[in-house]
Visitor: 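One structure follows; several queries about it will come next.
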Amino acid sequence: MIIATYNVNGVNGRLPVLLRWLQEKQPDVVCLQELKAPQEKFPEKEINDAGYHAVWHGQKSWNGVAILSRGSEPQEVRRSLPGNDEDDQSRYIEAIVDGILIGCLYLPNGNPSPGPKFDYKLSWFDRLHKHADYLLKENVPVVLAGDYNAIPTGFDVYKPERWVDDALFRPETRAAYKSLVDQGWTDALRHLYPDEVIYTFWDYFRKAYDRNAGLRIDHFLLSPLVLERLVAAGVDKEVRGWEKTSDHAPVWIELN
DNA sequence: ATGTCGATACGCTATCGA
């Protein structure tokens, strides 16, 4: 079983790339972020025609998350993160697929920092902590996948000294990511490849992909019952080199 | 400081967020 996460940066503008990748990869479950489409403009028909059921939470212009499944229909559990009824940004959706609870998240970018956007990021992280802790205590198989907008360590960015003041790498962000993992989660890619340089995002600016000037910000956090099924993981890096592509590449795990 | 995308609107050019 292959579960993937892909920040598409506009699901409609990215549709040809997304459909090509789905066809080639045939993942069983896909978490999408940055749909940049209102609820009614999600390309449901094209996704269905590609063989996938979908649940999604759209938003005009920005954000938006979805969970696709090739076999059974995803059973939606929630479409927002608990803890703030006034938060209307579409950044979290949760569904059960084949007995695994899938949380698809798009954590706030947080730039410029410091400032209100960074405060929002940290408060969102705090809500994620609480919800993730609740999920762990349920003792069910859980996958928290998505764009965390967090560079875990200096090893996960091509030139850490250039990112020290960025919201993706500030000490508060790294500390929030670490304390989340320390609840009892496993960062799947780092677990399987402790010594490899792994990137999932390359800026559109300055030929970042050609220079491999990347960041690792799209992550899979696994609960213990999923970890014991983990057999492989990777980044479909070549997709980042396609025409009209996203600035993120798809990331995946394989479970037995 | 720069650069490049996608989506949007008092829409063919500019702005915002990333």
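Lettering follows sequence order; numbering is per chain, from 1.
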Visitor: Figure out the CG/P separation between A:D203 and B:dA1, and round it to whole Å.
Guide: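 After rounding, the gap between these two atoms is 17 Å.
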Visitor: Could you give me the CA-CA distance, side-chain angles and deciding distance for A:L136 and A:V142, then say whether side chain to side chain contact (heavy atoms under 4.5 Å, CB included) is met?
Guide: CA-CA 8 Å; A:L136 265 188; A:V142 184; over 6 Å; no
Visitor: Rounded to whole Å, please give me the gap between CZ in A:R211 and C1' in B:dT2.
Guide: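 So the two atoms are 12 Å apart, to the nearest Å.
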Visitor: Say you pick atom C1' in B:dC12 and the same atom in B:dA7; how far apart are they, in whole Å?
Guide: 16 Å
Visitor: Is the backbone of A:V251 close enough, under 3.5 Å, to the side chain of A:T5 for a donor and an acceptor to pair up by distance?
Guide: no
Visitor: When the C1' atoms of B:dT15 and B:dC10 are compared, how many Å lie between them, rounded to an integer?
Guide: 13 Å
Visitor: Atom CZ of A:R162 to atom P of B:dA1: distance rounded to whole Å?
Guide: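 Atom CZ in A:R162 sits about 13 Å away from atom P in B:dA1.
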Visitor: Rounding to an integer number of Å, can you tell me how far A:W202 CH2 sits from B:dC5 C1'?
Guide: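 After rounding, the reported distance stands at 17 Å.
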Visitor: Send over the distance from A:H248 NE2 to B:dT4 P, rounded to a whole Å.
Guide: 18 Å
Visitor: With a sphere of 6.0 Å drawn around CG of A:D165, does it hold more than 12 non-hydrogen atoms of other residues, nucleotides or ligands?
Guide: no
Visitor: In this structure, how many angstroms lie between the C1' atom of B:dG17 and the CG atom of A:D166, rounded?
Guide: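 The answer, rounded to whole Å, is 13 Å.
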Visitor: Nucleotide by nucleotide, 5' to 3', does protein get under 4.0 Å of the base (B), only the sugar-phosphate (S), or neither (-) in nucleotides 6-14 of chain B, counting heavy atoms?
Guide: BSSS-----
Visitor: What is the distance, rounded to the nearest whole Å, between atom OH of A:Y209 and atom P of B:dC5?
Guide: 15 Å
Visitor: Considering only atom P, compute the distance from B:dC16 to B:dT2 and round it to an integer number of Å.
Guide: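 My reading of the P atoms in B:dC16 and B:dT2 gives 16 Å.
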Visitor: Let me spell it out: for each of A:N7 and A:F205, pick the nucleotide of DNA chain B with the closest heavy atom. Which residue's pick is nearer the 5' end?
Guide: A:F205
Visitor: What is the separation between atom CZ on A:F118 and atom P on B:dA18, rounded to the nearest whole Å?
Guide: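 My rounded result for the distance is 14 Å.
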Visitor: Please work out whether B:dC12 sits syn or anti, treating a glycosidic angle within 90° of 0 as syn.
Guide: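 Base orientation relative to the sugar is syn.
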Visitor: Suppose we call a contact any N or O donor and acceptor under 3.5 Å apart; does that hold for the side chain of A:R206 and the base of B:dT2?
Guide: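 When only heavy-atom distances are counted, A:R206 does reach the base of B:dT2 through a donor-acceptor pair under 3.5 Å.
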Visitor: For A:F169, enumerate each residue passing the ring pair (Phe, Tyr, Trp, His ring centres under 6.0 Å) test, keeping only those at least two apart in sequence or located in another chain.
Guide: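 A:F169: no ring pair (Phe, Tyr, Trp, His ring centres under 6.0 Å) contacts found.
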Visitor: Begin from the C-alpha positions of A:H131 and A:E94 and carry the test side chain to side chain donor-acceptor pair (under 3.5 Å) through to its verdict.
Guide: CA-CA 11 Å; A:H131 187 59; A:E94 190 178 285; 2.7 Å; yes
Visitor: Is it true that a side-chain atom of A:N63 and a backbone atom of A:R91 form a donor plus acceptor pair closer than 3.5 Å?
Guide: no
Visitor: Say you pick atom P in B:dT8 and the same atom in B:dG3; how far apart are they, in whole Å?
Guide: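 Nearest-Å result for B:dT8 against B:dG3 at atom P: 26 Å.
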Visitor: Would a distance-only check, ignoring hydrogens and angles, find a side-chain to backbone donor-acceptor pair under 3.5 Å from A:Q59 to A:E34?
Guide: no
